[in-house]
Visitor: 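Sharing a structure with you now.
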There are 2 protein chains.
Amino acid sequence: MVSIKDVAKLANVSVTVVSKALNGYTDVNEQTRQKVMKAAEELKYSPNMLAKNLKQKVAKSIALIFSNFERADGKDGVLVQIMSGVFEAANKHKYEVVIYTRSLSEQQDKSYWKFCKEHKISGAIITGLKTTDPYFQEIIDSDLPCVVIDTMLSGANTGSISTDNVLAAQQAVEHFIDKGHRNIGMMNGHEFAVVSKQRLEGYQKALELHGIPYDDRLVINADFSETKAYEMTEGFLQEYPHMTGVFMSSDLMAIGFMRRCHELGVQIPDQISVMGFDDIVLSSYMMPKLSTVRQDFHEISFTAFEQVIDILENKQKGTHIFVPFKIVDRDTIKVLQSP
Amino acid sequence: MVSIKDVAKLANVSVTVVSKALNGYTDVNEQTRQKVMKAAEELKYSPNMLAKNLKQKVAKSIALIFSNFERADGKDGVLVQIMSGVFEAANKHKYEVVIYTRSLSEQQDKSYWKFCKEHKISGAIITGLKTTDPYFQEIIDSDLPCVVIDTMLSGANTGSISTDNVLAAQQAVEHFIDKGHRNIGMMNGHEFAVVSKQRLEGYQKALELHGIPYDDRLVINADFSETKAYEMTEGFLQEYPHMTGVFMSSDLMAIGFMRRCHELGVQIPDQISVMGFDDIVLSSYMMPKLSTVRQDFHEISFTAFEQVIDILENKQKGTHIFVPFKIVDRDTIKVLQSP
DNA sequence: AAAAATATCGAAATCGTTTTCGATTTAATT
DNA sequence: AATTAAATCGAAAACGATTTCGATATTTTT
């Protein structure tokens, strides 16, 4: 393998000069710089990042951590969108990204923190972190700059980012209300996600704002799972036949719900309206097309990256950031009466 | 940061002994090993991988290269499936994986090869490589063990892996023929993918085997693009109204085709049958559900990983591997007559 | 008891860089 | 011409691990 020594030899200078020439130092004569460049070119030299990062004590790379990778069956395209956002930002800031996946099914010997430490990683972006995660506190307490997606926390080195879930949920059910609905159910995700609490709060808020009494029997928990939603819809529908619409905490659940409705012969949106959350790719391909609130995952992860850079390079404190969402009304909400 | 020196000091031994104790060498007394372990534990020591890999000249990590990342809009879930396969294999073999994405839209300063070299990466898995890619030859000639997905080549250090595209395509159109179809069109992908050529070959083979003359006007090129397929279907349908079915080189194109048919009021499968290729997640959610040939991308990437390990650790020569596919008949093929 | 074999340890070299700081040369200033 | 300043270079010390090889202590063999 060709090292800096080899190019030094060929260019007839010291390794110091080679290093300086290649890294834009000013105390090297332009002619010798050319000489060095030519030698490096000739030998097809490329620096050993391991040595480089070792010396500099830190690698210019940030970790993208998927803490629930087993759920990533590709149905929602969000994982890809998240990747796309961080890769774009990484490219912009000249960082590298290393992905660390963790699935709960397999025992994990290593915590994120240990992983990042071992690799001298500068910062991290974390997704899919449950509040019950054993490493939750570790992350927050650590001195590693990191921002976690879809939660709310802030510390010296930790920030977070998400869409404004309570506002989004509120607007979503207000959308129902605007179309004349008064009996609106909700299918929520599991309680270990902070987004579940927030969306429920938004749901309640909208109801309260429009003088509709809150009935906790109308909100059930389907664990963010398509099949669980599928299984629960029949009972849900039978038990509360006066519901005219249901707000789902995720598109995946909405799809499970719709599929079961289709089998049961209940027409959407004629007999029951539904609104999802996320706007995954499947949603616009459904028949009928699913109305939902669109989260901009690309923007979320891009901004997440920029925040870790901010606290890394600009010594900013961690904070929480909201990124804009959008209600997208397609074909699954029936208008009962004009507003 | 706590280094090996610190634990040596605490354990009251030399760094040599610490290193040996922690790496399972036999020439260290069991008691001192315990002592070292305890000290390491106490200090929360974790080795600096950069230094470790630097010394060992090579990192135990393989690169997963997406050479056309901009296409990864998450519509097909294949990217995720591929990731899932290699992460699983990596976990099994105790390797780490680093992902390198390249999009053609942004100028790329660095070739895969350079990237891998700089990071002392042991091997690589490459996807989305076009034959026209400027780095194509570089990869093949390099001494870096790598296997590229969806192509056919083999060398000392390079292998490849894919489904048997010609056989799969052949069986797909034979499936048409079995159902009584004789006038079968094809919508192929761009010519820079070897899979296009192979699937066309399978198409031709099936026709020939059943005495159906090949008409090259019945196969058009929609570039693997959903919208392009969408745009071309009306003309295609009008020009060759005698077609009873069309074999698509990808599900995404099939979906574009179906969407246009829906708008045009042509019934699927009553007026025209369609068969896709890939079995992406969207396919089973279509109405009607798309019949297609299923590629097992998880298996493909998993096996790809194992092959690079094979040529890396077992000094095997690179080769081409086929992984099984499956014709999955859903609701988009009409039976014209019993076989 | 002497010799040989074994067990256990540590000093030091090494991996490929970066970076400090002093040395030397050249140019600018007085 | 003497002094000062600027430009350019290189020796050497890190970074944090691994690994070779010799040293010492202990045990076994003769």
Side-chain angles (χ1 to χ4, degrees), chain A residues 1-40 43-61 94 96 114-122, chain B residues 1-40 43-61 94 96 114-122:
Chain A
M1 199 72 300
V2 28
S3 81
I4 200 175
K5 252 183 230 164
D6 301 306
V7 8
K9 205 169 293 173
L10 180 60
N12 207 32
V13 292
S14 74
V15 296
T16 310
V17 175
V18 176
S19 175
K20 285 178 178 171
L22 261 28
N23 290 324
Y25 277 63
T26 56
D27 65 339
V28 37
N29 187 291
E30 190 52 32
Q31 293 181 18
T32 61
R33 162 170 277 123
Q34 295 297 340
K35 212 168 51 177
V36 168
M37 304 274 257
K38 199 158 134 271
L43 294 175
K44 285 173 176 300
Y45 165 77
S46 68
N48 183 327
M49 286 299 180
L50 298 173
K52 184 169 191 159
N53 291 335
L54 172 60
K55 186 71 220 306
Q56 326 216 93
K57 296 272 200 81
V58 52
K60 231 184 152 196
S61 64
K94 301 285 171 222
E96 275 164 11
K114 195 167 181 187
F115 175 82
C116 293
K117 207 174 113 186
E118 282 181 354
H119 291 265
K120 298 296 168 225
I121 276 169
S122 310
Chain B
M1 198 73 300
V2 30
S3 81
I4 199 174
K5 250 183 232 164
D6 301 306
V7 8
K9 205 169 294 173
L10 180 60
N12 206 32
V13 293
S14 73
V15 296
T16 310
V17 175
V18 175
S19 175
K20 285 179 178 172
L22 261 27
N23 290 323
Y25 277 63
T26 56
D27 65 339
V28 38
N29 187 291
E30 190 51 33
Q31 293 181 17
T32 62
R33 162 170 278 123
Q34 295 297 340
K35 211 168 49 178
V36 168
M37 304 274 257
K38 199 158 134 271
L43 295 174
K44 285 173 176 298
Y45 166 76
S46 68
N48 183 327
M49 286 301 180
L50 298 173
K52 183 169 191 159
N53 292 335
L54 171 60
K55 185 69 221 302
Q56 324 217 97
K57 295 273 199 80
V58 53
K60 230 183 153 198
S61 64
K94 300 286 169 222
E96 275 164 12
K114 195 167 181 186
F115 175 82
C116 293
K117 207 175 114 185
E118 283 181 354
H119 291 264
K120 296 298 168 224
I121 275 169
S122 310

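Sequence lines set the chain letters: A, B, ... in the order given, protein chains first and strands last, and positions in each chain run from 1. Bear in mind the structure is a predicted one, so any value in this text is a computation, not a measurement.
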Visitor: Rounding to an integer number of Å, can you tell me how far B:K60 NZ sits from D:dT18 C1'?
Guide: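 So the NZ-C1' distance, B:K60 to D:dT18, works out to 16 Å.
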Visitor: Should A:K9 and A:L43 count as side-chain neighbours, where that means a heavy-atom distance under 4.5 Å?
Guide: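 Contact flag for A:K9/A:L43 side chains = no.
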Visitor: Quick check on DNA chain D: between A:V15 and A:T32, whose nearest nucleotide comes earlier from the 5' end?
Guide: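 Here A:T32 is the residue nearer the 5' end.
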Visitor: Would you kindly check whether a donor in the side chain of A:T16 faces an acceptor in the base of D:dA11, or vice versa, at under 3.5 angstrom?
Guide: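 Yes, a donor-acceptor pair under 3.5 Å.
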Visitor: Does a side-chain N or O of B:Q56 approach OP1 or OP2 of D:dT19 to a distance below 4.0 Å, or not?
Guide: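 Yes.
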Visitor: Would you kindly give the CD1-to-P distance between A:I4 and D:dA12, to the nearest whole Å?
Guide: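 My rounded result for the distance is 17 Å.
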Visitor: Looking only at N and O atoms, is any donor in the side chain of B:K20 or the base of C:dG10 less than 3.5 Å from an acceptor on the other one?
Guide: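 Between C:dG10 and B:K20, which were checked side chain against base, a qualifying N/O pair under 3.5 Å is present.
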Visitor: Nearest whole Å is fine: how far is C:dC15 C1' from A:M1 CE?
Guide: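 That distance rounds to 14 Å.
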Visitor: Give a yes or no on whether a donor-acceptor pair under 3.5 Å exists between the nucleobase atoms of D:dT18, that is its base, and the side chain of B:K55.
Guide: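 Yes, a donor-acceptor pair under 3.5 Å.
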Visitor: For A:N53, answer base if it contacts any base atom (sugar-phosphate contacts may also be present), sugar-phosphate if it contacts only those atoms, and nothing otherwise; contact means non-hydrogen atoms under 4.0 Å.
Guide: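 If one applies the 4.0 Å heavy-atom cut-off, A:N53 turns out to touch nothing in the nucleic acid.
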Visitor: Just how far, in rounded Å, is P of C:dT20 from CG of A:N23?
Guide: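 Computing the A:N23:CG to C:dT20:P distance gives 13 Å.
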Visitor: Among C:dC9, D:dC15, C:dT17, which nucleotide has an atom closest to any side-chain atom of A:P47?
Guide: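 So the side chain of A:P47 is nearest to C:dT17.
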Visitor: Using a cut-off of less than 4.0 Å, is there contact between a side-chain N or O of B:Y45 and OP1 or OP2 of D:dA17?
Guide: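 So the side-chain polar atoms of B:Y45 do come within 4.0 Å of the phosphate oxygens OP1 or OP2 of D:dA17, strictly under.
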Visitor: Quick check on side chain to side chain contact (heavy atoms under 4.5 Å, CB included): which of B:V7, B:D6, B:V28 does B:V18 satisfy it with?
Guide: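 Among B:V7, B:D6, B:V28, the one meeting side chain to side chain contact (heavy atoms under 4.5 Å, CB included) with B:V18 is B:V7.
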Visitor: Please determine if a side-chain N or O atom of B:Y25 lies less than 4.0 Å away from the OP1 or OP2 oxygen of C:dT8.
Guide: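 For B:Y25, the contact criterion (side-chain N or O under 4.0 Å from OP1 or OP2 of C:dT8) is not met.
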Visitor: For DNA chain C, whose closest nucleotide is more 5', that of A:V2 or that of B:R33?
Guide: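 So the residue in question is B:R33.
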Visitor: Measure from CD on A:Q31 to P on C:dT26 and round the result to the nearest Å.
Guide: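 After rounding, the gap between these two atoms is 13 Å.
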Visitor: At under 4.0 Å, does any side-chain N or O of B:S14 touch on OP1 or OP2 of C:dG10?
Guide: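 Looking at the OP1 and OP2 atoms of C:dG10, one of them is under 4.0 Å from a side-chain N or O of B:S14.
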Visitor: Show the nearest heavy-atom pair for residues A:S46 and B:K117, with the distance to one decimal.
Guide: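 What the structure gives for the nearest pair is OG-CE, 3.4 Å.
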Visitor: Is any side-chain heavy atom of B:S19 closer than 4.5 Å to a side-chain heavy atom of B:I4?
Guide: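 A side-chain contact under 4.5 Å exists here.
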Visitor: Do you know the tightest heavy-atom contact between B:N53 and B:K60?
Guide: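 What the structure gives for the nearest pair is OD1-N, 4.3 Å.
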Visitor: Ignoring backbone atoms, establish whether B:N29 has a side-chain N or O less than 4.0 Å from OP1 or OP2 of C:dT8.
Guide: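 Looking at the OP1 and OP2 atoms of C:dT8, one of them is under 4.0 Å from a side-chain N or O of B:N29.
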Visitor: Does D:dT18 have OP1 or OP2 under 4.0 Å away from a side-chain N or O of B:K52?
Guide: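 True: B:K52 side-chain N/O within range (under 4.0 Å) of D:dT18 OP1/OP2.
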Visitor: Looking at every strand, decide which applies to A:D27 at a 4.0 Å heavy-atom threshold: base, sugar-phosphate, or nothing.
Guide: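 Base contact.
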Visitor: Taking only N and O in the side chain of A:N48, is any of them less than 4.0 Å away from OP1 or OP2 of C:dC15?
Guide: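 Answer no for this pair, as no side-chain N or O of A:N48 is under 4.0 Å from OP1 or OP2.
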Visitor: Should A:M37 and A:L22 count as side-chain neighbours, where that means a heavy-atom distance under 4.5 Å?
Guide: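 Yes, their side chains come closer than 4.5 Å.
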Visitor: Check whether any side-chain nitrogen or oxygen of B:S19 sits under 4.0 Å from OP1 or OP2 of D:dT19, and answer yes or no.
Guide: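 So the side chain of B:S19 is outside the cut-off, no N or O lying under 4.0 Å from OP1 or OP2 of D:dT19.
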Visitor: Could you state the atom-to-atom distance from NZ of B:K5 to P of C:dA11 in whole Å?
Guide: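 Going from B:K5 (NZ) to C:dA11 (P), I get 13 Å.
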Visitor: To the nearest Å, give me how far apart CD (A:E30) and P (D:dA7) are.
Guide: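 In whole Å, D:dA7 P and A:E30 CD are 14 Å from each other.
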Visitor: Within this structure, what is the NZ-to-P distance between B:K57 and D:dG16, rounded to whole angstrom?
Guide: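 The distance from NZ of B:K57 to P of D:dG16 comes to 21 Å, rounded to the nearest Å.
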